[in-house]
**Q** 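Take a look at this one; I'll ask things after.
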Amino acid sequence: MNHHSKNTIKNNLKIYNSLTKKKDIFYPIYPNHVGMYVCGPTVYNHIHLGNCRTFIFFDIVYRYLKHLGYQVKYVRNITDIGHLFSENNELEEDKIIKRSRIEGLDPMEIVQKYTIYFHESLNILNVLRPNIEPIATGHITEQIEYVKKILCNKFAYEKNGSIYFDLKNYSNHFLYGRLSNNNIKELMDRNFLFSKEKRDIKDFCLWKKAKKNHIMNWNSPWGKGFPGWHIECSVMSTKYLGGYFDIHGGGIDLKFPHHECELAQSTSFFNKKNDLSRYWMHVNMLNINGEKMSKSKKNFMYPSHIYENFKISSNILRFFMLQTHYRSILIFSNKNLLDAKKNYNFIINSINKLNNVKFHKDIISYDFIHQWIDDCYNAINDDFNTPLLISYLLKGSRIINDIIINNKKNSLYLLKKYINYFMFEILGFKKNKEETNNYKKKLEILVQRLINLRKEYRIQKNWEVSDKIRKELNHIGILINDHKLLK
RNA sequence: GGCACGGUGGCCGAAUGGAAUAGGCAAAGGUCUGCAAAACCUUUUAUAGCGGUUCGAUUCCGCUCUGUGCCUCCA
């Protein structure tokens, strides 16, 4: 009665594709190989919780594809150039340059500093590193070559040392707006600073001429300048994954214009209809107080805020994010975070109990356990429905408790095997390791001695002193939960 | 103005053309207990509104109300 053969599971993964606007069965271009590109951060600031959501989600995608036996090439870029910051339609300045001015550091020091923070933040969240992490400024030559080809194909034009994408000519040959369903004519006109140079107000920049005081600039056939925002992703994805790969992802706010422009650039580059990626995936936003958490709205929180202010671990933050489906808006609130904590602890406690129980490998197979395993796989296979999967993991935990408490003979072996797969391998929770820090270890011993001391007082029924010790420990965040005293 | 995704109990959050068995939190009750807490077990409550299609709609279609996001800074 074993329903969950690996191939059946593998052939039933459905992914919501922003390009086709429906759930498509996942099959890669080359059997057993998956190429995945995810738009990474611009490293001019710390990453906040909203950014983390996207990277945690694609970590699940990466982990699950590997679990299914695919060889995955995961590429996630670092943007260290090209994002212009506009204020009141007055000034345009590279975000990294602006930040370097504020902090009094060299632009490349800013890049280095926030790249390190980015990696550290994701490490703490147990997000796996991609296979390739290309950096935009490391691919200037390739970007220039790419722009040259688009120019050569007549889908771009030069004006005063800058290169703009020719949307009008593009529209004559291809459809612009396939991802977002946006019709160029229906888009709102805004006054852009560059608009004087552009043939059409909605043309976007491929290469921008550097002003005299613009520190980050490179030589090009069109003079000193720097690449536009969208070009780096087209170039680096094509370089490392080819002109057509399996999955392209990012936050939903990148769908338009960023991904739409990438699609247009790629089509112009090859001069033929091209999807760039077979599946396009977009993660919805994290909302706080009814609106999107973003750097520009200044309503963001960093992961470190959460660990400190809510006294929760990175595992619980991760769990919190996975309790909402990735295509839904995730609402940040104190209560939701505490719900996540309780649920997470419930599952982990059950797993810990399993580790303390001795059992033999099952001989009999139990149908309901197999059903439970199928349910779990079906959940994750249905467009990565992590909230549904978590509900099954909670159910599994309850089954474990029931078996252990009532001393039932049952299929603990399979339960243990699969709940571990789902929690640690696929959902990517960190297994608690022994603390290696020596100083911390001594503190732990001290606390343990206090607890033992208190136990002696309890045996003597000296409630006054034992309650006082418990209170003191509670003050510093160590919770004591008493059990019945053994005689 | 255009485009996209939503509206399910007190709250969060799944699913579905055929009795709402999701799940969790909260609440209530219980086990346990020196007390407190924790842990574990059990139970209650819901498809925004109006039409249409249908034997049957929460699900599909249309309209209304309403929320969020994108429209060249954004994960």
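Letters A, B, ... are given to chains in the order of the sequence lines, protein chains preceding strands, and every chain is numbered from 1.
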**Q** Using Watson-Crick or G-U wobble geometry with both distances below 3.5 Å, tell me the partner of U33(B), or none.
**A**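 Check on U33(B): unpaired, no WC or wobble geometry under 3.5 Å.
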
**Q** Decide yes or no, distance alone: a donor-acceptor N/O pair under 3.5 angstrom between the base of A37(B) and the side-chain of Arg470(A).
**A**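 Checked by distance alone, the answer is no.
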
**Q** Tell me whether the guanidinium CZ or amine NZ of Arg76(A) lies under 6.0 angstrom from the six-membered ring centre of Phe58(A) and within 45° of its axis.
**A**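 Negative - Arg76(A) is either too far from the ring of Phe58(A) or too far off its axis.
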
**Q** Could you say whether Phe55(A) or Lys21(A) is positioned toward the 5' end of RNA chain B, judged by the nucleotide with the nearest heavy atom to each?
**A**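 Of the two residues, Lys21(A) wins.
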
**Q** By nearest heavy atom, map Asn401(A) and Asn287(A) onto RNA chain B; which one lands nearer the 5' end?
**A**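 Taking each residue's closest nucleotide, the earlier one in sequence belongs to Asn401(A).
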
**Q** Would one find a side-chain N or O of Ser333(A) under 4.0 angstrom from OP1 or OP2 of C25(B)?
**A**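 Result: no.
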
**Q** Checking contacts here: which listed nucleotide (A75(B), G24(B), G34(B)) is nearest the side-chain heavy atoms of Thr42(A)?
**A**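 Looking only at heavy atoms from C-beta outward on Thr42(A), the closest nucleotide is A75(B).
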
**Q** Looking at Phe332(A), is its backbone amide N or carbonyl O close enough to the side chain of Asn336(A) to form a donor-acceptor pair, meaning the two atoms are under 3.5 Å apart?
**A**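 Such a contact is absent between Asn336(A) side chain and Phe332(A) backbone.
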
**Q** Is the shortest side-chain N/O distance from Lys292(A) to OP1 or OP2 of C70(B) below 4.0 Å?
**A**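 Result: yes.
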
**Q** Under 3.5 Å, is there an N or O donor on one side and an acceptor on the other linking the side chain of Asp402(A) and the base of C40(B)?
**A**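 For Asp402(A), whose side chain was compared with the base of C40(B), there is no donor-acceptor pair (under 3.5 Å).
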
**Q** Is any NZ, NE, NH1 or NH2 atom of the basic residue among Lys335(A) and Asp339(A) found under 4.0 Å from an Asp or Glu carboxylate oxygen of the other?
**A**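 Salt bridge between Lys335(A) and Asp339(A), a charged N being under 4.0 Å from a carboxylate O: yes.
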
**Q** Using the P atom in both, what is the distance from C41(B) to C35(B), to the nearest Å?
**A**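 C41(B) and C35(B) have their P atoms separated by 23 Å.
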
**Q** Paired with C65(B): which nucleotide, if any, by Watson-Crick or G-U wobble criteria at under 3.5 Å for both distances?
**A**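 C65(B) is paired with G7(B).
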
**Q** Does Arg454(A) offer a backbone N or O that forms a donor-acceptor pair with the side chain of Ser466(A) under 3.5 Å?
**A**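 Not confirmed, Ser466(A) side chain does not pair with Arg454(A) backbone.
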
**Q** Could you state the atom-to-atom distance from NZ of Lys23(A) to P of U59(B) in whole Å?
**A**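 Interatomic distance, NZ of Lys23(A) to P of U59(B): 17 Å.
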
**Q** Mind checking who A27(B) pairs with, Watson-Crick or G-U wobble, both distances under 3.5 Å?
**A**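 Answer to the pairing question: U43(B), which forms a Watson-Crick or G-U pair with A27(B).
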
**Q** Work out how far the P atom of A19(B) is from that of U58(B), and round it to whole angstrom.
**A**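 13 Å, rounded to whole Å.
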
**Q** Under a 3.5 Å cut-off for both distances, is A38(B) Watson-Crick or wobble paired, and to whom?
**A**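 Checking every strand shown, A38(B) finds no partner, since no pair has both distances under 3.5 Å.
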
**Q** Do any side-chain nitrogens or oxygens of Lys297(A) fall under 4.0 Å of OP1 or OP2 in G69(B)?
**A**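 It does, given that an N or O in the side chain of Lys297(A) lies less than 4.0 Å from OP1 or OP2 of G69(B).
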
**Q** Under a 3.5 Å cut-off for both contacts, is G17(B) paired Watson-Crick or G-U wobble with anything, and if yes, with which nucleotide?
**A**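 None - no nucleotide pairs with G17(B), as no candidate has both distances under 3.5 Å.
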
**Q** Find the distance His325(A):NE2 to G23(B):P and express it as a whole number of Å.
**A**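 In whole Å, G23(B) P lies 19 Å from His325(A) NE2.
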
**Q** Write down the distance separating the P atoms in G1(B) and G9(B), rounded off to the nearest Å.
**A**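 Each nucleotide's P atom is 30 Å from the other's.
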
**Q** Hey, does the side chain of Lys341(A) come within less than 4.0 Å of G24(B)'s phosphate (OP1/OP2), counting only N and O?
**A**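 No, Lys341(A) has no side-chain N/O under 4.0 Å of OP1/OP2 on G24(B).
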
**Q** Select base, sugar-phosphate, or nothing to describe what Ser180(A) touches, counting heavy atoms under 4.0 Å on all strands.
**A**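 Here Ser180(A) touches the backbone only, sparing every base.
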
**Q** Quick check against the 3.5 Å criterion: does Gln143(A) have a side-chain atom that pairs as donor or acceptor with the backbone of His139(A)?
**A**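 Answer holds: yes.
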
**Q** Does Asn182(A) have a side-chain nitrogen or oxygen under 4.0 Å from the phosphate oxygens OP1 or OP2 of C71(B)?
**A**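 Checking Asn182(A) against C71(B): no side-chain N or O falls below 4.0 Å of OP1 or OP2.
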
**Q** To the side chain of Asp482(A), which of G23(B), U72(B), C35(B) is closest?
**A**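 Among the listed nucleotides, the one closest to the side chain of Asp482(A) is C35(B).
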
**Q** Among G34(B), A14(B), A75(B), find the nucleotide with the atom closest to the side chain of Met285(A).
**A**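 When the side chain of Met285(A) is considered, A75(B) is the closest of G34(B), A14(B), A75(B).
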
**Q** Consider the side chain of His230(A), meaning its heavy atoms from C-beta on, and name the nucleotide among C11(B), A38(B), U72(B) that approaches it most closely.
**A**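 Selected nucleotide: U72(B).
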
**Q** What nucleotide, of A14(B), A4(B), C40(B), holds the atom closest to the side chain of Asn385(A)?
**A**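 Selected nucleotide: A14(B).
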
**Q** I need the CD1-P distance between Ile184(A) and G1(B), as an integer number of Å.
**A**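 Going from Ile184(A) (CD1) to G1(B) (P), I get 22 Å.
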
**Q** Counting distance alone, no hydrogens or angles: does the base of G13(B) have a donor or acceptor under 3.5 Å from a partner atom on the side chain of Asn343(A)?
**A**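 In this structure, the two groups form no donor-acceptor pair.
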
**Q** Verify the stacking flag for Trp463(A) against G34(B): centroid separation must be under 5.5 angstrom and the ring planes must differ by under 30 degrees.
**A**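 It does: the two rings, one from Trp463(A) and one from G34(B), meet the stacking criterion.
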
**Q** Using purine N1 to pyrimidine N3 plus N6-O4 or O6-N4 for Watson-Crick, or N1-O2 and O6-N3 for G-U wobble, each under 3.5 Å, what pairs with C70(B)?
**A**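 Per the H-bond distance test, G2(B).
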
**Q** Would you please test Lys23(A) and Asp382(A) for side-chain contact (heavy atoms from CB on, under 4.5 Å) and show each step?
**A** CA-CA 8 Å; Lys23(A) 285 181 196 169; Asp382(A) 186 9; 2.9 Å; yes

